[in-house]
Amino acid sequence: MIKGLYTATAGMLTQQKRHDTITNNISNINTPGFKEAVPIARSFPEIYMSMIQKGSSNEIGSFHSGVMIEETVNVFSPGQIIETNRAEDLMISSNLQPVDEDGNPYTDENGDLIEIQFDAFGKGTDPDGLEVYQPEVFFTLWNADEEPRYIQNAKLFINDQKQLMTEEGFLFLGQDEQPITLFDDDLSVQQIQIQKNGQLLYNGEEVTDIVGQPITLLLSKVNNPHHMAREGNGVYTVTDEERASISIIDNQEVQPIQVLQGFMEGSNVDPAQSMVDLTSAMRIYEANQQVIKMLDETLSKTVNEIGRVQ
Amino acid sequence: MNNSMISAMVSMQSLQQKLNIQSHNVANINTTGYKKLETSFQDLLSTRVNQVDEINLEGRKSSLGVQEGVGIRMSNPYLTTDQGTMTNTAISTDVAIDGDGFF
């Protein structure tokens with residue numbers, strides 16, 4: 001009975017966490033580039049029970065003593081692409097296939113390229129049956145501590161030091177993995193045309209930085225985007241460098257990656273599904289609440305009524 | 001429970017700000033030379049709740065830790081500089097600029 005109370009409590013806490021996650025998703029229905037977070041529930045590890053009676057023991061079986069939210073996984077499906085025609089709005093659109101450890105795309109026995117299909121979480125299987133994830137492409141930024149951060153949807157601004165930055169002050173990195181500083185004093189964001197590979201042009205000519213090099217925004221490919229965490233302001237940080245496996249994208253590669261200027265990606269949250277999930281979380285919470293109530297009534301009988309002498 | 005309520009409340013405040021700006025735009029529909037203000041949202045700083053190593057079970061997709069967001073904030077409203085329609089008033093003291101430029 002007491003075990004049941006704890007199981008039901010764990011159930012309620014799980015639904016509460018699920019509710020919190022879905023509420024945040026719903027709040028972010030209009031946030032550009034927001035990726036839905038899906039709470040994943042998991043049972044507590046199994047416990048085997050055996051009944052010990054007068055020296056002999058009978059195995060009863062196993063049970064899970066509760067449920068918990070194991071993790072919240074970001075879904076990287078693309079949101080709707082909205083044309084804003086504002087020069088500051090930048091987004092990345094990509095649809096990459098994963099590569100093996102040597103950097104080669106997966107091929108079948110004949111040597112033809114295989115197109116791996118991915119599920120909602122971007123998970124697919126390679127020809128050997130192992131798990132692979134769809135890589136995602138990000139702009140590379142520096143925060144105030146010169147640590148790398150990653151973003152897919154950004155607004156471009158030029159600060160007083162002629163550096164390219166996002167609205168919150170994260171600096172865009174160039175091909176030399178250093179913040180970009182413009183050479184030209186008078187250039188405004190509206191005058192810059194950013195090409196599909198991230199290169200900056202002004203009236204068809206290359207925009208140069210203070211050392212005279214042409215500027216191209218640094219794009220990073222993250223092979224397993226699930227090992228990144230959202231920090232807020234649209235910016236991602238890496239939580240497990242080895243498993244995220246980030247590599248710089250070489251401009252010369254021909255890949256389905258596009259940097260789009262004047263476009264914005266909408267959030268990929270589905271409001272109808274989120275409302276249904278919210279209602280379901282509430283009802284399961286209520287069900288667990290009922291379980292606690294029933295167990296409490298049974299306990300009350302045990303404590304108050306059994307063996308009562310009147 | 002509190003997290004949901006706080007998150008929703010914070011988001012409502014930001015949405016209220018957006019409503020204020022939209023109604024300001026609507027109120028100025030007939031103002032000459034008015035440029036509308038537009039807004040966009042950003043998500044707020046998320047926290048990562050640490051998890052103990054025992055929770056790192058097989059089949060897990062992401063790194064250890066559960067993310068919690070707390071809603072949205074409105075980023076700085078920006079002035080759109082699209083040209084409005086020119087109307088011929090036939091009054092000689094009315095002047096308007098066609099293209100980028102200010103008096």
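What you are looking at is a predicted structure, and each value in this text was computed from that prediction instead of being measured. Here is the naming used below: chain letters follow the sequence lines, and residue numbers restart at 1 for every chain.
Atoms CD and CD1, on A:Glu70 and B:Ile55 in that order, are 8.5 Å from each other to the nearest 0.5 Å. The line from CD of A:Gln16 to CG of B:Asn3 is 8.0 Å long, rounded to the nearest 0.5 Å. To the nearest 0.5 Å, the span separating OG1 on A:Thr239 from CD on B:Gln67 amounts to 8.5 Å. Taken to the nearest 0.5 Å, the CD atom of B:Glu68 stands 11.0 Å off from the CD1 atom of A:Ile69. One distance of note links CG of B:Asp82 with CG of A:Asn85; it measures 8.0 Å at 0.5 Å rounding. Separating the CG atom in B:Leu15 from the CD1 atom in A:Ile29 is a distance of 10.0 Å, to the nearest 0.5 Å.
If you measure heavy-atom distances from B:Val10 to chain A, you find no contacts under 4.5 Å at all. Neither the backbone nor the side chain of B:Asn56 has a heavy atom closer than 4.5 Å to any heavy atom of chain A. When heavy atoms are compared at a cutoff of 4.5 Å, B:Ser7 approaches chain A by way of both its backbone and its side chain. Neither the backbone nor the side chain of B:Leu64 comes within less than 4.5 Å of any heavy atom of chain A. Neither the backbone nor the side chain of A:Phe44 comes within contact range of chain B, judged by heavy atoms closer than 4.5 Å. For A:Thr21, no part lies near chain B; criterion is any non-hydrogen pair under 4.5 Å. For B:Gln51, the part lying near chain A is the side chain, with the backbone staying farther off; criterion is any non-hydrogen pair under 4.5 Å. Of the two parts of A:Asn153, neither the backbone nor the side chain holds a non-hydrogen atom closer than 4.5 Å to a non-hydrogen atom of chain B. Both the backbone and the side chain of A:Ala229 come within contact range of chain B, judged by heavy atoms closer than 4.5 Å.
Chain A forms the most heavy-atom pairs under 4.5 Å with one residue out of B:Ser62, B:Gly65, B:Gly69, B:Ser11, and that residue is B:Ser62. Each of B:Thr81, B:Asn76, B:Val49 has some count of heavy-atom pairs under 4.5 Å with chain A, and the biggest count is that of B:Asn76. By number of non-hydrogen pairs under 4.5 angstrom with chain B, the leading residue of A:His226, A:Met264, A:His227 is A:His227. Counting heavy-atom pairs under 4.5 Å between each of A:Arg243, A:Glu168, A:Gln190, A:Met68 and chain B puts A:Glu168 at the top. Of all the listed residues (A:Thr31, A:Thr72, A:Asn233, A:Asp240), the one sharing the greatest number of non-hydrogen pairs under 4.5 Å with chain B is A:Asn233. Ranked by non-hydrogen atom pairs under 4.5 Å with chain B, the options A:Glu167, A:Gln15, A:Met228 are led by A:Glu167.
Taking a 6.0 Å sphere around CD of A:Gln80, one finds it holds 12 or fewer heavy atoms contributed by other residues, nucleotides or ligands. Under a cut-off of 6.0 angstrom, the local environment of CZ in B:Phe103 is crowded, with over 12 non-hydrogen atoms contributed by other residues, nucleotides or ligands. Residue A:Asp145 qualifies as enclosed at atom CG: its count of foreign heavy atoms under 6.0 Å is above 12. More than 12 heavy atoms of other residues, nucleotides or ligands sit less than 6.0 Å from atom CG of A:Asp119. Crowding of B:Met12 atom CE: a count of heavy atoms from other residues, nucleotides or ligands under 6.0 Å not exceeding 12. The neighbour count for A:Gln191 CD, taken as heavy atoms of other residues, nucleotides or ligands under 6.0 Å away, is above 12. The number of heavy atoms from other shown groups lying within 6.0 Å of NZ (B:Lys36) does not exceed 12.
Side-chain atoms of A:Asn24 come within 3.5 Å of backbone atoms of B:Gly71 as a donor-acceptor pair (strictly under, hydrogens ignored). A donor-acceptor pair under 3.5 Å links the side-chain atoms of A:Glu71 to the main chain of B:Lys61, judged by distance alone. The closest donor-acceptor contact from the side chain of B:Asp43 to the backbone of A:Gly234 lies under 3.5 Å.
Proximity of A:Glu88 to B:Tyr78: side-chain heavy atoms (C-beta onward) are nowhere separated by under 4.5 Å. Counting heavy atoms from C-beta on, the side chains of A:Ile40 and B:Arg60 never come closer than 4.5 Å.
Applying the ring pair (Phe, Tyr, Trp, His ring centres under 6.0 Å) test to pairs two or more places apart or on separate chains, those with a residue in residues 29-59 of chain B are B:His24-B:Tyr34.
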Next item on the list: Any chance you could lay out the side-chain contact (heavy atoms from CB on, under 4.5 Å) test for B:Ser40 and A:Lys155, step after step, and finish with the verdict?
Entry: CA-CA 11 Å; B:Ser40 90; A:Lys155 284 191 165 53; 3.3 Å; yes
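Salt bridge status for B:Arg48 with A:Glu231: absent, with no side-chain N to carboxylate O gap under 4.0 Å.
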